[in-house]
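For the numbers below, each heavy atom of this structure counts, side chains included, while hydrogens, waters and symmetry mates do not. In what follows, chains are A, B, ... by sequence order, proteins preceding strands, each numbered from 1.
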Amino acid sequence: MNFNGIDIDSIVPENELEEEIIADIKAGKTKEVITRCPPEPSGYWHIAHAKAWSIDFDTAIKFGGKTYLRMDDTNPIKEEGEFADSYMEDLAWLGYKPEKLIYASEAYFDDIYKIAEQMIMDGKAYVCQLTAEEVSATRGTLTEAGKESPYRNRTPEENLKLFRAMRDGEFEDGKATLRAKIDMAHPNINMRDPVMYRVLRAHHYKLGDKWCIYPMYDFAHPMEDALEGVTYSLCSMEFRDHRPLYDWFIENGWKKPYAPKQREFSRLTIENVLIGKRYLKQLVNEGYVNGWDDPRYPTLIGVRRRGYTAKAIKDFVKSVGWGNVLEVTVPYSALEYYVREDLNKIATRAMVVLDPLKVVITNYEGKEEIEIDNNPNNENAGKHKALFSKEIFIEKEDFSLNPPPKYNRLVEGGIVRLKGAYVIKCNKVVFAENGEIDHLECEYIPNTKSGNDTSGIKCKGTIHFVSAKNCFEVTIREFKPLIKAEYKNPAKALSEGVQIKEILEENSLVERKALAENFLKDAKVQDKFQFMRKGYYCVDKDSAEDNLVFNNTISLKDSFKVQK
RNA sequence: AGGGGUGUCGCCAAGCGGUAAGGCACAAGACUUUGACUCUUGCAUUCGUAGGUUCAAAUCCUGCCACCCCUGCCA
């Protein structure tokens, strides 16, 4: 069966929603799959959002449909205008293209208002003048029914007059609401005459002071979905209890045969990661991090700057799936797996020595070119040139005076291969006056040149190096998790009263210098490299012409364990 | 007179009456001019629990138990 260019019969449903969509399509109930991505413009997006948006977009894409990016801006107190651009950018980075950018306030407030008036005339809504405290006190409890508002039985004419008075500014903030007339004894508390409109005099970033009444989410959202033609309105699990209300508004407000459906998926959280706009905002404001795009942040602009790829993020959130509980928590390693997997395929290999130890090749003069594969797993990536010469630098940790068992690197009197160059033998350790190693004196073995080795020598280890004549200094930024390891659920700890300062790891950002091969001089911001045997690095935007700054995106896995 | 949701390996997660997929993590080994990658192998006699129905139950029924969400004029 062909449906909007998609062969429905070939689709393998990956969750219950998709099964339902297929059934709807086959039953002729759904003509097009239209979803919406409805951020409240009050903060930058983070990885958990990416999970939601990937569900919104990928579901539509799978069925040849489309997705609207809709600013859910019904609360002027919390929203600001600056975010729409960042959302478009994040979406583009993830590879998603919304059908259209819509500001709910601008596009739908007039229609929503009209629907409210109609509901009043239908006897489905009434103006209530109870105070917020009184509404709360009469709502009942989890086990007891609520009490009906004394204003509940006004006539539609009275209600309409009062509602227009609300709109016209004749009520002070908080002095009146429009409420849906449902059932104060309903076991689902959301159905106990929920507020549809409140009086609120706040400057709206988009509409200014045009309105002094604003619709509540529960009313506005289904109306926006319906007005827009959305067929599947996907949100997170905590709205499950709101679904009957959503359907009630569709039935009593929208009143047309076509109806959008709300369906719910699990929210994503990651162990040891602080997610949640209000906390992220606090850390930025209090100067604990360097802005919303700090590489230690789980924001999309943060992980992008750190060097994570869009593919890694998408693969990761997809691996978590739809979910059927409120919140699904996965360990950070689950994310890291996808970051390494993608970077391994695309990152260019380079040699960088983070902690240099000088080595002098006593039996070598001059210099010669060597070649390094840009990516040994990908022949098409090509090679680049590096240099071997008399004076080189190796990693301090690649030489040991007291090697642990199974240490494959350089030891006194031992041999090791220099990546892409020769096998060398350490003849002498030269100490400085302070007792530290000053440098190593080694000899190279001539017929062991990489790719042309006729020596037959078996070498256990290969280490990376840079040549003194072919390196320059760069800045490296290394990150530890922002949150101390013992706080697996930092948001919960904060909600339980732990101070934010207490959960923050100290020195989660460390800056150091390193020696990079000259090949890296041309690196541009966002270029991604694998510093061989160390990790993946990405050029940071703080780089200057004479100072390249690399963010350590993630380390390489290291299965070498020092035995006891 | 509470309502809604969930319980399958440390973590995610398939499973929809026919005898427990897969991924992450972990462990062992092979390969390796990155101790990376890759590759092999191992990792739930059992599905919250107690009964019942059936030739056959994670799947159906009943009773318990545990956890999560809901009492904003936030979204």
Which part of the nucleic acid, if any, lies within contact of [X], taking any heavy atom under 4.0 Å across all strands shown: a base, the sugar-phosphate backbone alone, or nothing?
X: A:E271; result: nothing
X: A:Y217; result: base
X: A:L130; result: base
X: A:N408; result: base
X: A:R409; result: base
X: A:D241; result: base
X: A:G451; result: base
X: A:P376; result: base
X: A:M216; result: sugar-phosphate

Has A:K557 got a side-chain N or O lying under 4.0 Å from the OP1 or OP2 atom of B:U34?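 Answer is no, no contact under 4.0 Å.
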
Using the [atom1] atom on both, measure [N] against [M] and round to a whole Å.
N: B:A13; M: B:G52; atom1: P; result: 32 Å
N: B:C16; M: B:G48; atom1: P; result: 16 Å
N: B:A21; M: B:A44; atom1: C1'; result: 13 Å
N: B:A28; M: B:C43; atom1: P; result: 16 Å
N: B:U32; M: B:U38; atom1: C1'; result: 9 Å

Under 3.5 Å, is there an N or O donor on one side and an acceptor on the other linking the side chain of [X] and the base of [N]?
X: A:E144; N: B:U71; result: no
X: A:R533; N: B:U34; result: no
X: A:S450; N: B:U33; result: yes

Closest listed nucleotide, where the reference is the side chain of [X] and the choices are [options]:
X: A:R240; options: B:G5, B:C74, B:U34; value: B:G5
X: A:V330; options: B:C12, B:G72, B:G3; value: B:C12
X: A:N190; options: B:C73, B:C70, B:G3; value: B:C70
X: A:Y337; options: B:U33, B:A25, B:A75; value: B:A25
X: A:T141; options: B:C73, B:C16, B:U71; value: B:U71
X: A:N75; options: B:A75, B:A36, B:C11; value: B:A75

d([atom1], [X]; [atom2], [N]) in whole Å:
X: A:R192; N: B:C73; atom1: CZ; atom2: P; value: 13 Å
X: A:R263; N: B:G5; atom1: CZ; atom2: P; value: 12 Å
X: A:D183; N: B:U71; atom1: CG; atom2: P; value: 18 Å
X: A:I554; N: B:C24; atom1: CD1; atom2: P; value: 14 Å

Please compare A:K492 and A:D218 by the position of their nearest nucleotide in RNA chain B and report the one closer to 5'.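 Its nearest nucleotide lies further toward 5', so the answer is A:K492.
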
Which comes earlier along RNA chain B counting from the 5' end, the contact point of A:G146 or that of A:T131, where each point is its nearest nucleotide?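 Result: A:G146.
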
Do A:D225 and A:L227 come close enough that some side-chain heavy atom pair is under 4.5 Å?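 No. Closest side-chain heavy atoms not under 4.5 Å.
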
Are [X] and [Y] close enough that their ring centres sit under 6.0 Å apart?
X: A:F531; Y: A:F550; result: yes
X: A:F388; Y: A:Y364; result: yes
X: A:Y126; Y: A:F163; result: no
X: A:Y246; Y: A:H242; result: no

For [N], give its Watson-Crick or G-U wobble partner with both distances under 3.5 Å, or none.
N: B:U6; result: B:A66
N: B:C31; result: none
N: B:C16; result: none
N: B:C60; result: B:G52

cation_pi(A:K206, A:Y103) dist<6.0 Å, angle<=45: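 Cation-pi check for A:K206 and A:Y103: passes.
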
Using the six-membered ring of A:F560, assess whether NZ or CZ of A:R409 lies under 6.0 Å from its centre and within 45 degrees of the ring axis.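 Yes, cation above the ring, under 6.0 Å and within 45°.
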
